Amino acid sequence: MHVPSAPSSPSPDSWWRTAAIYQLYVRSFADGNGDGIGDLAGARAQLPYLAGLGIDAIWFNPWYPSPMADAGYDISDYRSIDPVFGTLADADALIGEAHAHGIKIIIDVVPNHSSDRHRWFIEALAAGPGSAARDRFWFRPGRGTSGELPPNNWQSIFGGPAWTRVTEADGAPGEWYLHLFAPGQPDYNWGSADVRREFEDVLRFWFSRGVDGIRIDSAALLCKDAALPDVSGAEPPGPAHPYTDRDDVHSIYRAWRAVADEYDGRMLIGEVWLPDATRLARYVGPGELHTVFNFPYLNCPWDAAALRQVIDETLALADAPATWVLSNHDVDRVVSRYGRPDTAFSLDRRPYFHALPVDLALGTRRARAAALLTMALPGSVYVYQGEELGLWEVQDIPDELRQDPIWARTLGADPGRDGSRVPLPWSGTEPPFGFSPAGAAAAPWLPQPKEWRDLTVAAESAGYGSMLHLYRAALRLRRFDPEFSGTALTWRRSPAGVLAFDRGGEGGQGRPGAGQSWMDTAGPGSSVRCVANLSAAPVGLPPHAAVLLASGPLDGGLLPPDTTAWLRIE
Ligand code: GLC
Ligand code: CA
């Protein structure tokens, strides 16, 4: 028998290469003070839960003071905490306590836009046209005889025009300002030296407080063509696009990397949605960001060939350690996606996906299989809160309770993202399911489905075979089994609709496409083989020394459809 050596811990300054990172959406995680909104006190109290889950880091969605025009992605002060969430002292305590649990902290920084209540924007409104204060944003006179038309035809990503007209100090209608998202989110002009200096300083502020990483919101949108030309809608992202993936954005991240490198072991991860892998690759590397989110993987249908292609393309990006992401606060929850007849996803087709029927039992089965597939891949993995409980997308939130600006700005055509942001169920048999303390003054800010009584942390901790047990077991093996520590993945030839690959062992050269039969053993040394059956029929398992973990019951020696197994091969 192969005796594993001591588990290899990644060197401290590259923890982000292999980390399991829990995305904590603070409004919906745990409410400490009973106002129906999650907060830092609630998060602190649940650090032992996260430590027990086996994650290495937490990514906090924005926690700063904000008028909440977009759930905190409209920041009015980048150096403080919203009173609804707590205080800076709470954040300091949380960072310290997380570190004591061995958990790193990543925070969200939003550099594309500000809030219309940010000091700089208020100054800009007061200072008037042509002022230096307005030059930190995109103010322009309107078109038409009296400036009554927006400066160009850009549309907000949340629906409606990307421009809002202001009232000048004299009370007359005046200039317009650009907002690629909601009107409460004015875009910064990254041609302004003030803006560049300010953000480098914000990074230092948080790194100096002990924050280990920064998630960069809307990272490909920062630079605009200063001529602000109309768009046809057909421009691909890249240098010819007036605001997506322009080449000058890279000088910003090179400067940010230099700031991160002033400290030990800090990381930058970019939220970059780009279809072209070569363009995406330009964001990562020694002089730029450490990693980017893998959205092609998230958007991929539950289909073996399509997943295999995304995995290969991801691993082929030599300078970019892979990240694996199944869901986040902007997309439909994975259980619902995989329970639909079309298992793909894309942000701009949400109404289409929401019109499809959902088979929750099938979606849950596939989400379990997907979790084991994902956690077997080399790289870092993101777990969006509630994914570990198997929560589904809540598609029947009453219209009058919907909060996402997408809903209002599309006049209800797009339901928006509230369904993935419903507060977590912790315990008990009825709402608020322990999300808020007993006797809370307010109900959770979005209503929880009553069926979630079966999906609380307490219920799943008790019930063997729950999603939570699966996540705990998988995260533990992924962390402690030495076969998972390297970067190598060796594909095994497998029946149609089945994905099979080895981690560790002698066979692992990291060469996608190495074509050994999946019935082969791995040669000298042991390895872990991940076999995911996405076909409609059971398949036989290859010879193995042990089944380490399976996403569902095995049928004798057979792996049923929509099931993944981790096998020890010797
Ligand atoms: C990112 C965030 C999203 C937010 C948008 C605008 O896509 O993930 O939640 O609405 O940026 O800041
Ligand atoms: Ca609260």
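Computation of the quantities below employed the complete heavy-atom set of this structure, encompassing side-chain atoms and omitting hydrogens, waters and symmetry-equivalent molecules. As the structure lists them, so they are numbered: ligands from 1, and atoms in each ligand from 1. Just so you know, residue 1 is the first one in the sequence shown, and it goes up from there. Since we're looking at a predicted model, the values are computed, not measured.
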Tell me which protein heavy atom sits closest to atom 1 (C) of ligand 1, plus the residue, atom name and distance to 0.1 Å.
Asp217 OD1, 2.7 Å
Would Trp273 count as a contact of ligand 1 if the rule is a heavy atom under 4.0 Å away?
no
Atoms of ligand 1 close to Ser218 [distance to a heavy atom under 4.0 angstrom, numbered from 1]
1 (C), 11 (O)
Considering only heavy atoms of Phe181, which atoms of ligand 1 have at least one such atom less than 4.0 Å away?
5 (C), 6 (C)
Decide if the gap between the ring center of Phe293 and the ring center of Phe295 is smaller than 6.0 angstrom.
yes
for atom 7 (O) of ligand 1, nearest protein heavy atom and its distance come out as Glu271 OE2, 2.8 Å
Of Phe121, Phe181, Trp138, which meets ring-ring contact (aromatic ring centres under 6.0 Å, His included) against His113?
Phe181
Nearest non-hydrogen protein atom to atom 10 (O) of ligand 1, with distance, is Asp70 OD2, 2.5 Å
Can you find a side-chain donor-acceptor pair between Asp90 and Thr87 that sits under 3.5 Å?
yes
Just one of Gln395, His354, Arg417 clears the side chain to side chain donor-acceptor pair (under 3.5 Å) bar with Asp332, so which one?
His354
Using the Ca ion (ligand 2) as the vertex, how large is the angle between OD1 of Asp35 and OD1 of Asp31, rounded to 10 degrees?
90°
Taking only non-hydrogen atoms of Arg215 and a 4.0 Å limit, the atoms of ligand 1 in range are 2 (C), 8 (O)
Assert yes or no for the condition that the ring centre distance of Tyr64 to Phe85 is strictly below 6.0 Å.
no
Tell me, which N, O or S atom in Asp39 is closest to the Ca ion (ligand 2)?
OD2
Carefully, step by step, assess Asp217 and Arg215 under the rule salt bridge (Lys or Arg N to Asp or Glu O under 4.0 Å).
CA-CA 6 Å; Asp217 186 70; Arg215 180 259 187 191; 2.7 Å; yes
Step by step, would you call His179 with Thr164 a side-chain hydrogen bond (donor to acceptor under 3.5 Å, both in side chains)?
CA-CA 8 Å; His179 50 86; Thr164 291; 2.7 Å; yes
In ligand 1, which numbered atoms sit nearer than 4.0 Å to a non-hydrogen atom of His113?
6 (C), 12 (O)
Is the Ca ion (ligand 2) under 3.0 Å from any N, O or S atom of Phe85?
no
Checking side-chain polar atoms at under 3.5 Å, does His118 have a donor or acceptor matched by the opposite partner on Asp74?
no
Counting heavy atoms only, which part of Tyr25 comes closer than 4.0 Å to ligand 1: side chain, backbone, both or neither?
neither
For ligand 1, which atoms, with element, lie under 4.0 Å from some heavy atom of Phe158?
10 (O)
Are Trp426 and Phe433 close enough that their ring centres sit under 6.0 Å apart?
no
Atom indices of ligand 1, in the order listed, that fall short of 4.0 Å to a heavy atom of Arg421
9 (O)
Would you say Asn33 reaches the Ca ion (ligand 2) with an N/O/S atom under 3.0 Å?
yes
What is the nearest protein non-hydrogen atom to atom 9 (O) of ligand 1, stated with its residue, atom name and distance?
Asp330 OD1, 2.7 Å
Aromatic ring proximity Tyr384/Trp59, centre distance under 6.0 Å
no
Within a distance under 4.0 Å of any heavy atom of Arg417, pick out the atoms of ligand 1 and give their elements.
3 (C), 4 (C), 9 (O), 10 (O)
Would you say Asp56's side chain and Ala20's backbone share a donor-acceptor pair under 3.5 angstrom?
yes
